[in-house]
Amino acid sequence: MARLDLSDLCFSVGALDILRSVNLTVEEGTCLALLGPSGCGKTTTLRCIAGFVQPTSGSISFNGQPVVGVPAHKRNVGLVFQDYALFPHMTVAENVAYGLKRRSVPAAECKQRVAEALELVQLDTLADRLPRQMSGGQQQRVSLARALVIRPNVLLLDEPLGALDRKLRDQMQVELKRIQRDSGITTIIVTHDQEEALSLSDRVAVMFDGQIQEVGTPTTLYREPGSRAVMEFLGASNILDGTAVSAEQDGSHIKIRDSHTLKVSDALESGRDVQLGIRPEQFLVETESPVGRENSIAATISEVVYKGPHVELYVETEQGLRLLAQRRIRGIAAQDTFVIGQSVFLTVEPDAILVFGR
Amino acid sequence: MSEERDFRLVVNVLGWAAMAFLVFPVIVTLLVSFNGSFFIEFPPSSYSLEWYRNIANINKIGEATLISLLIATIAATLVTVMALGTAMAIVRYDFAGKAALTSFLLSPVAVPIVAIGIALVQFFIRLDIAFTWYSLVIGHMVLVAAYPVRTIVASMTLYNPNIEEAASSLGANRWVVFWTVTLPQLKPGIISGFLFAFLISFDNYPISIFLVRGGLTTMPIELFNYISQNFDPTPAAFSTLYILIISLVIMFVEKRYQVISLSVGR
C-alpha cells in the first residue's frame, strides 16, 4: 500500500501530446476514479503508472520513491484489464497463484493466500475451472483476485465494469467498493462512465485532453463543479448564458437572453457576463402557476422521456429558451403523467444555480 | 423456401463431390493393397496380405524411411523454431521490408518445386556440401519454411496481447512471460506448423531427387524407384500403412492439443 504521486507527467508520441502535465496525488488506501471521455489520456496515465510505457517527462512515485525507469515487473502494481486478460491455459487457482510464484512464495503460503483471495471475491468453489468456463462477471472477479493477491502498492482498474451488462455492473459496483475498502489498497479506477466514477471512488479526477481538469469528492464535483466543462461532463445539465443586471444583499439577478431573469445567491457586479448551470433535478415542476415565487419559468413541454424512477421533460418557453427538467415519480397513480404541449412551471432555488465566469 | 432447398442441394452436392475426390484414391489404394493378383486391378478379384509381406523387398526401404524420418524431424524442428521468431517479428513489430517479407512467407511458395531443387543443387555444389545430410536438411527447410510461419502467425493474431502485460505486472520478466504465457498460447500454431513441415518434408520427392546420391536416400525416392521397375501392388500396401499411421498421429495431436485447423494451401 502506498501513496501515489504523479507530477508534471507528460507523454508524447511524435508530435502528438497525449499527456500534458498531469499532476495527481492518491492518498494511501483511498480510491480515485480517473474520469474522462475516450482519448483524453486516462489509459495512457494508467499505463505509465504500471510501467508499460515510459513518460516523456515528469515523475511517478510510490510513497515518495520514484519509479520511472523501474520495469513493470518490479513495480508491484495490480492490474485489472477491461477484457480481464486471464491466462486461458491456466485454471482460476493457477491464474491467481501466478504472481505469487513469480515472488517465490512457499507452496503452503501460496495455497493459503490464493484461497483467501478467492474467498474475498467469493469464487472459492470454482478454483479448478478454466477461464472460458466462467461468465464475464466471474472472470472479472478472478482478475481482481489475481491482482489483489500480490498485495500491490497500487491497484489499477481499467474500465473494470465496461464489459458487463447493467445488472451485473450494479452488483459488481457494490462488490468492488467493499473489496477495495476491506483490502485498503490504494486504487485508481479508469472509466468514462460518470456513474461508475461517482459511485466507486473516494475522489474523482476529471481529465480532458491530457490534463487533469478538476479533482474532488464525488459530491462536491457533482454539486459544485468548478467549471462548465466538468458540470456538463458529469451528468445532465442546463447551461445558460446571462448577464448580471443588479446586485443585492443576498445575491444578484442575472438576465438570460432578454427573456428571463434568474436570481442567484452569488454576489456579482452588474454588467458581468456569466454562465449559469442548473441540474435538471433542481427544477421544481408544477402544473399550476406558483404565484409570487422567485425564479419561476413558464414553459411548454416539447418531449417527455420516461426513465423509470423519473421522467425527463424537455420544455421550451415562449421566447424559445429550451430547458431540461426532471421529475421524480412517486406513487402509482397517474397524476404524474405529462403530455407534450402541456404548460408547466419550473422553479429553481437561487442557491441551486451555479455561476461560471465567461 | 424452394431457393433455400436449392441452395442446400448445391452445397451438399459440392461438399460430397469434394469428399469423394479426396477419399476415393485412398479407398482404391486400400483395396488394391489387399489384391490377390500380381497386377494392379480394381476392383480386386481375390484378396491376400502378400503385398504387405513384400514391403520388405522394396530396396533399402527401412533405411530410407529412417533417413526420411530423421530429415523431416530435424528440418521441421529447426524451421519451427525459426518461424516462431519470424512470426513474432511480423505480428508484433514494424520494420523495413515487412510487407514484402510477409507476403513472401505467407503466400504459398510461388516458385515451382523443381526449380527450387535445381537451384539448391547448384548452390550446394558451390558450397561443396552437395549430396550430404546438410544439403538434404537445408533443402527441406527451404521447402517447408512457410508453413509454420503461417500457422504461428495465425495463432498469434488470435490471442489477446494484454495477457503478456498482465503477466509482467504480476512480476514476470521478459523471459518468464515468454515461457509461461506466450509459448503455451502459441502451442496449437507451433504444433500444427511442425506437423505440416514434418509431413511435407517426409514425403517430398521433387526436392530430394536433386539432393540425394549413393547411400543417402529417402523413402519417397525408393518407393518411386520401386514403382518405376515393378507393377505389383506393394507400394499400395506401403501407402496404406503410411496413411493409417499418419491419420492416427493427426488424430492424437488434434485430440491432445486441440490444434485448430489452420489451413495451408499449396
Side-chain angles (χ1 to χ4, degrees), chain A residues 43 46-53 67 70-91 94-105 110 114 117 130-132 139 142-159 163, chain B residues 80 83-84 87-89 91-96 98 148 151-195 252-262:
Chain A
T43 298
L46 205 78
R47 294 176 61 78
C48 282
I49 300 169
F52 298 143
V53 291
V67 296
V70 176
H73 69 273
K74 288 187 179 155
R75 288 197 186 184
N76 199 32
V77 165
L79 245 155
V80 175
F81 290 83
Q82 181 172 11
D83 59 8
Y84 323 131
L86 297 178
F87 307 126
H89 55 292
M90 298 182 198
T91 64
E94 285 166 350
N95 263 279
V96 177
Y98 189 88
L100 298 176
K101 278 195 187 143
R102 303 287 86 78
R103 284 162 179 74
S104 308
V105 172
C110 177
V114 168
L130 285 170
R132 65 168 173 274
Q139 291 188 31
V142 176
S143 170
L144 191 63
R146 185 178 70 175
L148 285 170
V149 79
I150 60 170
R151 294 171 188 153
N153 288 321
V154 187
L155 178 66
L156 306 176
L157 309 167
D158 188 5
E159 304 275 1
Chain B
T80 305
L84 194 57
M88 288 186 96
V91 177
R92 300 272 176 84
Y93 304 99
D94 272 320
F95 51 87
K98 174 174 163 174
T151 57
I152 296 170
V153 163
S155 61
M156 280 190 92
T157 46
L158 284 177
Y159 99 77
N160 174 7
N162 278 350
I163 61 174
E164 291 188 357
E165 289 192 340
S168 127
S169 78
L170 290 168
N173 68 32
R174 205 74 192 76
W175 290 107
V176 176
V177 171
F178 182 79
W179 283 112
T180 58
V181 176
T182 315
L183 213 54
Q185 280 308 296
L186 297 181
K187 207 152 80 180
I190 292 171
I191 288 170
S192 59
F194 174 86
L195 212 58
F252 169 78
V253 170
E254 180 73 38
K255 220 178 146 72
R256 173 81 170 72
Y257 297 101
Q258 282 144 7
V259 173
I260 27 171
S261 300
L262 304 152

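If you're wondering where the values come from, they're calculated on a predicted model, not measured in any experiment. Sequence lines set the chain letters: A, B, ... in the order given, protein chains first and strands last, and positions in each chain run from 1.
Within a 6.0 Å sphere centred on CZ of B/Phe95, heavy atoms belonging to other residues, nucleotides or ligands number more than 12. Heavy atoms from other residues, nucleotides or ligands lying under 6.0 Å from NZ of A/Lys74 number 12 at most.
In this structure, A/Met90 CE and B/Thr180 OG1 are separated by 5.5 Å, a value rounded to the nearest 0.5 Å. Atoms CZ and OG, on A/Arg102 and B/Ser169 in that order, are 12.0 Å from each other to the nearest 0.5 Å.
With a threshold of 4.5 angstrom between heavy atoms, A/Ala72 approaches chain B through its backbone and through its side chain. Of the two parts of A/Arg75, neither the backbone nor the side chain holds a non-hydrogen atom closer than 4.5 Å to a non-hydrogen atom of chain B.
Smallest separation of non-hydrogen atoms from A/Arg146 and B/Ala166: NH2-CB, 3.4 Å. Contact detail for A/Leu86 and B/Ile163: the closest heavy-atom pair is O-CG2, 3.3 Å.
No other option in B/Glu165, B/Glu164, B/Gln185, B/Arg174 has as many heavy-atom pairs under 4.5 Å with chain A as B/Glu165.
Legend: ring pair (Phe, Tyr, Trp, His ring centres under 6.0 Å) pairs involving residues 72-91 of chain A, not counting sequence neighbours, sorted by first then second residue: A/Phe87-A/Tyr98.
For the pair A/Pro88 and B/Asn160, the minimum side-chain heavy-atom distance is 4.5 Å or more.
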